[in-house]
S.K.: 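To start, I am sharing the structure in question, which I have written as structure tokens.
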Amino acid sequence: MSWLLAVLLSAAARSGDRPHPYVLGVDDVISISVVRHPEYACSMPIPIGGKVSIPVLGEIVAAGRTIEDIDKELTERLADRLNHPEVAVTLVTPRMRMVAVIGDVKTPGNWPMKPEWRVTEAVAAAGGLMIPTEKSVCRLYRQGEPDREVRLSEILRDGEGATNFQLREGDTISVQSKKTVRVYVAGCVTLPGQYDLDEPATAVIALAKAGGQLTTSQPVTPSLSRAFVTRNGKKIPVNLSDVVQKGQVQKDVPLEDQDVLTIPPLQSKVAVFGEVGTPGWYELPDDRDVYLSDALAKSGGILRSGVMASIVILKRDGPKTTKLTYDFRKYLKNADAKSNPKLEPDDIVVINASKRTDFEKLLAPLLSIGVINTIGKL
């Protein structure tokens, strides 16, 4: 307890929370005296109703006011009777003021508040926390004011007293355990498994808890852009590539209890066939767009026998395939963006050696292995 009090005193010394003036209430006992005029002297408890009766002067409202307020009013009223009256109002016996401490403390309930008490002193009076400090959520509730967050872990660990508020009569301190959700992380992550996350939990937090995605040097390449959350049998897409690599936090998905976050393997590919150095299929990276120029560079570039003026891109749309032709020379000469289109998953780039014959020769093996199901008018 001595360690806790030392922390509290240190925190209070650094806090800018000034002591709140004492407000009188029912059952406070006050005394009033006027120098050289004993006929005004009196001492009495403040009754229900809040008014006290002063000899000669009559009644005055005392409850809900400070000593200074009453002193000033009496001085002004006596000025009509006395020259330079010297009034003294004193709090003889303060009433018992109560604060409530509820939630995950050893002895929840109402506690008599001592002068200059702060939040942590009330928590200590209630026996301290029943849960680890870092797992606690503490709030101060005060009538007529918005509730306030109390960062107990900062106060007790670092002695930072900015939220160690000075208490007032009738305050309620609530200490609750942080709510958690149990989620599962599967797929291409370092540590797949079950995790209990503090609320609010999101897909990015779950990914970090599972050690992040697998590195690109490993056999399976993860696809953050195709991640999804499974909830009650429904699949919710979440583009974690945009969240993690582009900082678009608004695309993150809040998680609920029993959600499953899956990071699938990268399966988005494009094909480059024909007159290039290394024909074949190439993965589309997850963190950026890929254009025709990228695919040509990846496949070793166009051979001298290739025709740049009529590069064909086959785009699949369900059972149909659309043929688009581009003059890549315009991009190389004038940086014409239209001649360097963005590629989509499953696009097929064909570099001909002649405008017709070689292209038709390539279609046969593509059809035979099921790459293209239906060719439209080519």
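Nothing here was measured: the structure is a model prediction, and the numbers come from that model. We number each residue from 1, following the sequence as shown.
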S.K.: For a side chain to side chain contact (heavy atoms under 4.5 Å, CB included) check, start with the C-alpha distance between Ile311 and Thr325, then their side-chain angles and the critical distance, and finish with the verdict.
M.R.: CA-CA 6 Å; Ile311 293 178; Thr325 304; over 6 Å; no
S.K.: Give a yes or no on whether Met44 and Val26 share a hydrophobic cluster (residues Ile, Leu, Val, Met, Phe, Trp, Tyr; joining criterion: side-chain heavy atoms under 4.5 Å apart).
M.R.: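 No, no single cluster joins them.
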S.K.: Looking at Arg77 and Leu57, would you say the former's side chain and the latter's main chain have a donor-acceptor pair under 3.5 Å?
M.R.: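 Side chain of Arg77 to backbone of Leu57, a donor-acceptor pair under 3.5 Å: yes, one is there.
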S.K.: Walk me through whether Glu121 and Lys114 qualify under salt bridge (charged side-chain N to carboxylate O under 4.0 Å, His left out).
M.R.: CA-CA 9 Å; Glu121 290 168 309; Lys114 296 181 180 179; over 6 Å; no
S.K.: Got a second to check how far Ser33's OG is from Glu86's CD, nearest 0.5 Å?
M.R.: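 Between atom OG of Ser33 and atom CD of Glu86 there are 10.0 Å.
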S.K.: Identify which one of Leu24, Thr66, Leu74 satisfies the side chain to side chain contact (heavy atoms under 4.5 Å, CB included) criterion when paired with Val89.
M.R.: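 Exactly one pass, corresponding to Leu74.
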S.K.: Before giving the answer on salt bridge (charged side-chain N to carboxylate O under 4.0 Å, His left out), spell out for Glu73 and Arg65 the whole-Å C-alpha distance, their side-chain angles and the decisive distance to 0.1 Å.
M.R.: CA-CA 11 Å; Glu73 181 179 343; Arg65 305 177 69 187; 2.6 Å; yes
S.K.: How many angstroms lie between CD1 in Ile46 and CD1 in Ile48, if you round to the nearest 0.5 Å?
M.R.: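 That separation rounds to 12.5 Å.
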S.K.: Going by side-chain hydrogen bond (donor to acceptor under 3.5 Å, both in side chains), Lys315 matches just one of Asp346, Thr322, Asp347. Which one?
M.R.: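 Result for side-chain hydrogen bond (donor to acceptor under 3.5 Å, both in side chains) with Lys315: Asp347.
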S.K.: Establish whether Leu240 and Leu284 are linked, either directly or via other cluster members, by ILVMFWY side-chain heavy-atom contacts under 4.5 Å.
M.R.: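 Leu240 does not cluster with Leu284.
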S.K.: Once you round to the nearest 0.5 Å, how far does OG1 of Thr180 lie from CG of Asp257?
M.R.: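 So the gap between those two atoms works out to 7.5 Å.
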S.K.: Give me the atom names and distance for the closest heavy-atom approach of Ala227 to Ile263.
M.R.: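 Heavy-atom minimum between the residues: CB-CD1, 3.7 Å.
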S.K.: Scan residues 93-106 for pairs that pass side-chain hydrogen bond (donor to acceptor under 3.5 Å, both in side chains), counting only residues two or more places apart or in two chains.
M.R.: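 Sorted pair list: Tyr22-Arg95, Asp28-Arg95, Arg95-Glu169.
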S.K.: Kindly state each residue pair satisfying side-chain hydrogen bond (donor to acceptor under 3.5 Å, both in side chains) with at least one member in residues 233-243, sequence neighbours excluded.
M.R.: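 Applying side-chain hydrogen bond (donor to acceptor under 3.5 Å, both in side chains) to every pair that reaches into residues 233-243, excluding sequence neighbours, yields Asn239-Asp242, Ser241-Gln245, Asp242-Lys246, Asp242-Lys251.
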S.K.: Hey, what else clusters with Met96 if you join Ile, Leu, Val, Met, Phe, Trp, Tyr whenever side-chain heavy atoms sit under 4.5 Å?
M.R.: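 Noted: Met96 shares its cluster with Met98.
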S.K.: Give a yes or no answer on whether the side chain of Asp294 reaches the backbone of Tyr291 with a donor-acceptor pair at less than 3.5 Å.
M.R.: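 Here the side-chain-to-backbone pair exists.
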S.K.: Between Val92 and Ile30, does the side chain to side chain contact (heavy atoms under 4.5 Å, CB included) criterion hold? Intermediate values first, please.
M.R.: CA-CA 5 Å; Val92 178; Ile30 61 173; 5.7 Å; no
S.K.: Does the Asn164 side chain pair with the main chain of Val119, one donor and one acceptor, at a distance under 3.5 Å?
M.R.: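 Indeed, once roles are kept as given, a pair shorter than 3.5 Å links the two residues.
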S.K.: List the atom of Val101, the atom of Ala122, and the distance in Å for their closest heavy-atom pair.
M.R.: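 Val101 and Ala122 have their closest heavy atoms at CG2-O, 3.7 Å.
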S.K.: Do Leu140 and Val137 belong to the same hydrophobic cluster, where Ile, Leu, Val, Met, Phe, Trp and Tyr are linked whenever their side-chain heavy atoms lie under 4.5 Å apart, directly or via other members?
M.R.: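 In one cluster: no.
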S.K.: Check Val185 against Ala206 and note the closest heavy-atom contact, atom names and distance.
M.R.: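 Closest heavy-atom pair between Val185 and Ala206: CG2-O, 3.8 Å.
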S.K.: Tell me whether the guanidinium CZ or amine NZ of Arg148 lies under 6.0 angstrom from the six-membered ring centre of Phe165 and within 45° of its axis.
M.R.: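 Yes; both conditions hold, so Arg148 lies above the ring face of Phe165.
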S.K.: Could you tell me which non-hydrogen atom of Pro341 sits nearest to which non-hydrogen atom of Ile313, and how far apart they are?
M.R.: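 Taking Pro341 first and Ile313 second, the nearest heavy atoms are CG-CD1, 3.6 Å.
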S.K.: Apart from Val260 itself, which Ile, Leu, Val, Met, Phe, Trp or Tyr residues share its cluster (side-chain heavy atoms under 4.5 Å, direct or through members)?
M.R.: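 ILVMFWY cluster around Val260 also holds Tyr184.
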S.K.: At what distance, to the nearest 0.5 angstrom, does NZ of Lys338 lie from NZ of Lys330?
M.R.: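 So the NZ of Lys338 and the NZ of Lys330 are separated by 9.5 Å.
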S.K.: Salt bridge between Arg329 and Asp327, side-chain N to carboxylate O under 4.0 Å?
M.R.: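 Yes, this pair counts.
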S.K.: Kindly compute the distance separating CH2 (Trp117) from CG (Asp171), expressed to the nearest 0.5 Å.
M.R.: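 The CG atom of Asp171 is 12.0 Å from CH2 of Trp117, to the nearest 0.5 Å.
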S.K.: What residue pairs, at least two apart or across chains, pass side-chain hydrogen bond (donor to acceptor under 3.5 Å, both in side chains) with a residue in residues 38-64?
M.R.: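 Sorted result for residues 38-64: His37-Glu39.
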S.K.: Run the salt bridge (charged side-chain N to carboxylate O under 4.0 Å, His left out) check on Arg182 and Asp196 step by step: do they pass?
M.R.: CA-CA 4 Å; Arg182 175 161 294 180; Asp196 292 328; 2.7 Å; yes
S.K.: Rounded to the nearest 0.5 Å, how far apart are OG1 of Thr202 and CG of Asp252?
M.R.: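 Interatomic distance, Thr202 OG1 to Asp252 CG, rounded to 0.5 Å: 3.5 Å.
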S.K.: Do the side chain of Arg226 and the main chain of Pro265 share a donor and acceptor less than 3.5 angstrom apart?
M.R.: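 It does hold such a pair.
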S.K.: Distance alone, cut at 3.5 Å: any donor-acceptor contact between the side chains of Asn340 and Ser293?
M.R.: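 Side-chain D/A pair, Asn340 to Ser293: present.
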S.K.: Tell me whether Glu149 is salt-bridged to Arg139, with the criterion being a basic N under 4.0 Å from an acidic carboxylate O.
M.R.: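 Arg139 and Glu149: not salt-bridged.
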S.K.: Between Glu145 and Arg168, does any side-chain N to carboxylate O distance fall below 4.0 Å?
M.R.: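 Arg168 and Glu145: salt-bridged.
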S.K.: Show the nearest heavy-atom pair for residues Ala41 and Pro55, with the distance to one decimal.
M.R.: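 So the minimum-distance heavy-atom pair works out to O-CG, 4.0 Å.
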S.K.: Do Ile32 and Ile67 sit in the same hydrophobic cluster, where Ile, Leu, Val, Met, Phe, Trp and Tyr count as joined when their side-chain heavy atoms come under 4.5 Å apart?
M.R.: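 In one cluster: yes.
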S.K.: State, to 0.1 Å, how close Leu292 and Val349 come at their nearest heavy-atom pair, and which atoms those are.
M.R.: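 Taking every non-hydrogen atom into account, CD1-CG1, 3.7 Å.
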S.K.: So does Glu256 get a backbone contact from the side chain of Asp259, meaning a donor-acceptor N/O pair under 3.5 Å?
M.R.: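 Present.
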S.K.: Just do the side chain to side chain contact (heavy atoms under 4.5 Å, CB included) check on Leu207 and Leu224 with the steps written out, would you?
M.R.: CA-CA 10 Å; Leu207 175 64; Leu224 289 181; 4.0 Å; yes
S.K.: Could you go through Ile348 and Val270, starting from their C-alpha distance and side-chain angles, then the distance that decides it, and tell me whether this counts as side chain to side chain contact (heavy atoms under 4.5 Å, CB included)?
M.R.: CA-CA 6 Å; Ile348 299 173; Val270 296; over 6 Å; no
S.K.: Would you give me the side-chain donor-acceptor pairs under 3.5 Å for residues 172-179, sequence neighbours excluded?
M.R.:
residue, atom, partner, partner atom, Å
Ser174, OG, Gln176, NE2, 3.1
Lys178, NZ, Glu134, O, 3.4

